[in-house]
> 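Sharing a structure here in structure tokens format.
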Amino acid sequence: ISNTLYSRSVELRNYSNTLPNNQEAGKLGDLLVDMTTGLQKAYSDDTPPSKAFCELKLKNVEESAKKIQTVIARKPR
């Protein structure tokens, strides 16, 4: 799941950066990439992360993704 979250956040960032006048969404995409990178790195280590770490990290990613979705949805096209 960590690889999927990372890949999707990179897709969002790359897509957002290609749209004109969309710097805010690009910055939010960068933030989400940073968050999911931490999760992905934790899972790539030899020692798996703790359950508490995973739950907190996933909750933070989910909350941020919802906020980003709200910001993008409000932007006129």
> Please give me the minimum heavy-atom distance between Pro49 and Ala42, naming the atom from each residue.
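That would be CD-O, 3.5 Å.
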> Side chains of Leu5 and Leu58, heavy atoms from C-beta outward: is any pair under 4.5 Å?
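With C-beta onward as the side chain, the pair touches.
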> Is the backbone N or O of Arg13 less than 3.5 Å from a side-chain atom of Ser16, with the two atoms forming a donor-acceptor pair by type?
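No, the answer is negative, given that no donor and acceptor are paired below the 3.5 Å cut-off.
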> Find out whether Lys59 and Glu63 are in side-chain contact, i.e. whether some heavy atom of one side chain is under 4.5 Å from a heavy atom of the other.
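A side-chain contact exists here, since the closest heavy-atom pair is under 4.5 Å.
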> Nearest 0.5 angstrom please: Tyr43 OH to Asn3 CG, how far?
11.0 Å
> Find the distance between OG1 (Thr36) and CD1 (Ile1) and round it off to the nearest 0.5 Å.
11.5 Å
> What's the shortest heavy-atom distance between Leu28 and Val71, and which atoms?
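Where Leu28 meets Val71 most closely, the heavy atoms are CD1-CG1, 3.8 Å.
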> Starting at CG of Asn17, measure out to CG of Asp30 and round the result to the nearest 0.5 Å.
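Separation between the atoms: 6.0 Å.
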> Hydrophobic cluster membership, with links at side-chain heavy-atom distances under 4.5 Å among I/L/V/M/F/W/Y: are Leu31 and Ile68 in one?
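Result: yes, single cluster for both.
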> Can you find a pair of side-chain heavy atoms, one from Met35 and one from Ser9, that are under 4.5 Å apart?
no
> Is any side-chain heavy atom of Thr37 less than 4.5 Å from a side-chain heavy atom of Lys41?
yes
> Drop me the distance from Gln40's CD to Ser7's OG, to the nearest 0.5 angstrom.
7.0 Å
> What heavy-atom pair brings Leu32 and Ser64 nearest, and what distance separates the two atoms?
CD1-CB, 4.2 Å
> Could you tell me whether Phe53 atom CZ has more than 12 heavy atoms of other residues or ligands within 6.0 Å of it?
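Yes, enclosed.
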> Within a reach of under 6.0 Å around CD of Glu24, are more than 12 heavy atoms found that belong to other residues, nucleotides or ligands?
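Yes - once you tally the heavy atoms of other residues, nucleotides and ligands closer than 6.0 Å, there are more than 12.
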> According to a hydrophobic-cluster definition based on side-chain heavy atoms being under 4.5 Å apart (Ile, Leu, Val, Met, Phe, Trp, Tyr only), do Val61 and Val33 belong together?
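Different clusters: Val61 never reaches Val33 through Ile, Leu, Val, Met, Phe, Trp or Tyr contacts under 4.5 Å.
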